[in-house]
Amino acid sequence: MARRRNGPGSRHGRDRRAAVVHAHGGRARFTGQSPAAAVVGGGLAGVAAATGLAERGVRVTLYESGPDLGGRLAGWPTRLADGSTVTMSRGFHAFFRQYYNLRGLLRRVDPGLGSLTPLPDYPLRHSSGLHDSFARVPRTPPLSALGFVALSPTFGVRDLARMSPRAALPLLDVRVPEVYEQLDGVSAHDFLARIRFPEAAHHLAFEVFSRSFFADPRELSAAELVLMFHIYFLGSSEGLLFDVPAEPFPTALWDPLRGYLERHGVSVRTSTSVRQVRPQPDGGLDVTTDQDTTRCDALVLALDGAGLRQVVAASPELGDSDWRARIDQLRTAPPFLVSRLWLDRPMAPDRPGFLGTSGYGPLDNVSVLDRWEGEAARWARRTGGSVLELHAYAVSPDADRGAVQAEAVRQLHRIYPETSRARVVDERHEWRADCPMFPVGGYRDRPSVRSPDPAVTVAGDLVRTGLPVALMERAVTSGFLAANAHLERWGVRGQTLWTVPRTGRSLPLRGLAALGG
């Protein structure tokens, strides 16, 4: 178990067996005249890339099409019917303790990570009445997986006897990128069927996790699901508990990070969309927005899939034909819904801050924000009410959105009956469809950090990094890797990174996995 210096919040320290990703060497930073870099996209990946470059003395311009930084973690003010001004966002995000590079980015502005607060559990509930919890599951592998099996009501002796041990062996020694060679051609649903994973556990646990990729398990690559199993169960002693921001995203994350970037000389240009990029004979690039065209020596494309496709399509001289074709084939996950409800009465005191759900129609999870977010808690104290958030993932593009919203609320009433008696003071419903899809067989067509042009790198959670990272951590890690690729060209030292171990932690389990090879 990793040593902790600051108690149960796990804000300091890291798994003692975490893997270091050494950066290239070189001089400490630029002095005097330095190159100019453009970073396109102001989410986690873009901010990480801008941070890695600016800290080494590069002159950075960060372009963000929205009014503020944040990307898919952005927040914005909204005025409620009762006159309150509050912050709306695209929904709940779990800051898992394996997200070493994300936490390293946040420590630039919050060394003790006081802006994060731990939630005591990751509870799961199925409409059949089954519940699962991770609060009492040991964190150190292989006890983590064994403890989950022993404590979970979805596993029984007969279930274990029916499983196919040989088919499950890849779970015991996950290696990146080899896991994609083994399992990218299989869906998450079919892989679980192949190993005869218990049906109840399939629905309650793994389906909840796979839908965190905004995808139906029948569409999701099994390699991504198995990688997630490694990150949270057998590859890390950090476990499945997580932290959440104690205030809305702008307050907790983006305002401090923007100040940090500007103190390092970054020109942050929000409400500015990059329309086209043109490579120049001298190796530089012209970056064109609606306002102007600016020359840079290096470019980081830290956009979502649709934004990346749009910029590349409008920039016919960028990259080569194969790279451009693979960018054009990137898929976006189905739409998802975030509904936030401000209610006139409190929730029952035993309701958790976060609950993952399965079997409740479109509803995938419920958050009681006033249990952990300061702004929501202040509103609840002032009004005597509560603030809830509902998520529905992988919604059919053809679905009646109003009906989905209404059904999610109806299912909420089933889960927490006291909400059926509450008056809705106000509500907001956000529909988005801009998350990457990791389909069966799609890994080889995803871009890597480096492009055919050494002056151009790509960052984001859609990028292949060759490392055991996912979701927000993949975004931040790829951003730092994109910065490192440019710094290496210039002979300047890069950012050292960390991940969970890149192979299975347990030698005996690795030996068992080899039997299936």
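Scope of the values below: all heavy atoms of this structure, side chains included, with no hydrogens, waters or symmetry mates. The residues of the chain are indexed from 1 along the displayed sequence.
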For the residue pair H22 and T496, confirm or rule out a side-chain donor-acceptor distance under 3.5 Å.
no
Could you go through the side chain to side chain contact (heavy atoms under 4.5 Å, CB included) check for L471 and Y99 one step at a time?
CA-CA 9 Å; L471 302 171; Y99 291 178; 3.9 Å; yes
Could you go through D15 and S237, starting from their C-alpha distance and side-chain angles, then the distance that decides it, and tell me whether this counts as side chain to side chain donor-acceptor pair (under 3.5 Å)?
CA-CA 6 Å; D15 183 346; S237 68; 3.2 Å; yes
Applying salt bridge (charged side-chain N to carboxylate O under 4.0 Å, His left out), run through R14 and E238 and close with a yes or a no.
CA-CA 8 Å; R14 119 180 12 101; E238 305 288 1; over 6 Å; no
Kindly determine whether V404 and W431 satisfy side chain to side chain contact (heavy atoms under 4.5 Å, CB included), including the steps that lead there.
CA-CA 11 Å; V404 173; W431 283 93; 3.7 Å; yes
Inter- and intrachain pairs under salt bridge (Lys or Arg N to Asp or Glu O under 4.0 Å), touching residues 443-459, at least two apart:
E224-R446, R450-E488
Looking only at side-chain N and O atoms, does D110 offer a donor or acceptor that is under 3.5 Å from a partner on S115?
yes
Using a 3.5 Å distance criterion without hydrogens, assess whether the side chain of S236 forms a donor-acceptor pair with backbone atoms of Y232.
no
Sorted by chain and number, sequence neighbours left out, side chain to side chain donor-acceptor pair (under 3.5 Å) with T51 holds for none
F242 ring center near F95 ring center (under 6.0 Å):
no
Hey, does D364 have a side-chain heavy atom less than 4.5 Å from the side chain of F336?
no
Sequence neighbours left out, what passes ring-ring contact (aromatic ring centres under 6.0 Å, His included) with Y360? Give chain and number order.
none
Mind jotting down which residue pairs meet the side chain to side chain donor-acceptor pair (under 3.5 Å) criterion with at least one end in residues 304-318? Sequence neighbours excluded, please.
R278-E317
Of all residues at least two apart in sequence or in a different chain, which pass the ring-ring contact (aromatic ring centres under 6.0 Å, His included) check with Y260?
H264
Could you state the interatomic distance from CZ (F92) to CG (N365), rounded to the nearest 0.5 Å?
7.0 Å
May I ask you to test the T457-L299 pair for a side-chain heavy-atom distance under 4.5 Å?
no
List for me each residue that meets ring-ring contact (aromatic ring centres under 6.0 Å, His included) alongside F438, sequence neighbours excluded, and say none if there are none.
F213
For the atom pair CG (L69) and CH2 (W254), what is the distance rounded to the nearest 0.5 Å?
7.0 Å
If I compare all heavy atoms of V366 with all of L363, which pair ends up nearest, and what's the gap?
CG2-CD2, 3.8 Å
Salt bridge (Lys or Arg N to Asp or Glu O under 4.0 Å) involving D322 - partner list, sequence neighbours excluded
R326
Ion pair R103/D243, N-O distance below 4.0 Å:
yes
With sequence neighbours excluded, tell me which residues meet ring-ring contact (aromatic ring centres under 6.0 Å, His included) with F191.
none
Do H189 and S187 have a side chain donor and acceptor closer than 3.5 Å?
no
What residues form a side chain to side chain contact (heavy atoms under 4.5 Å, CB included) with V21, not counting sequence neighbours?
L467, L497, T499, R502
Contacts satisfying side chain to side chain donor-acceptor pair (under 3.5 Å) that involve residues 459-469 (not counting sequence neighbours) are R72-D461
Counterpart residues, salt bridge (Lys or Arg N to Asp or Glu O under 4.0 Å), relative to E181 (two or more places apart):
none
Between the side chains of D216 and R218, is the shortest nitrogen-to-carboxylate-oxygen separation below 4.0 Å, so that they form an ion pair?
yes
Do F30 and W490 have their ring centres less than 6.0 Å from each other?
yes
What pairs with R432 under salt bridge (Lys or Arg N to Asp or Glu O under 4.0 Å), at least two apart in sequence or on another chain?
E430
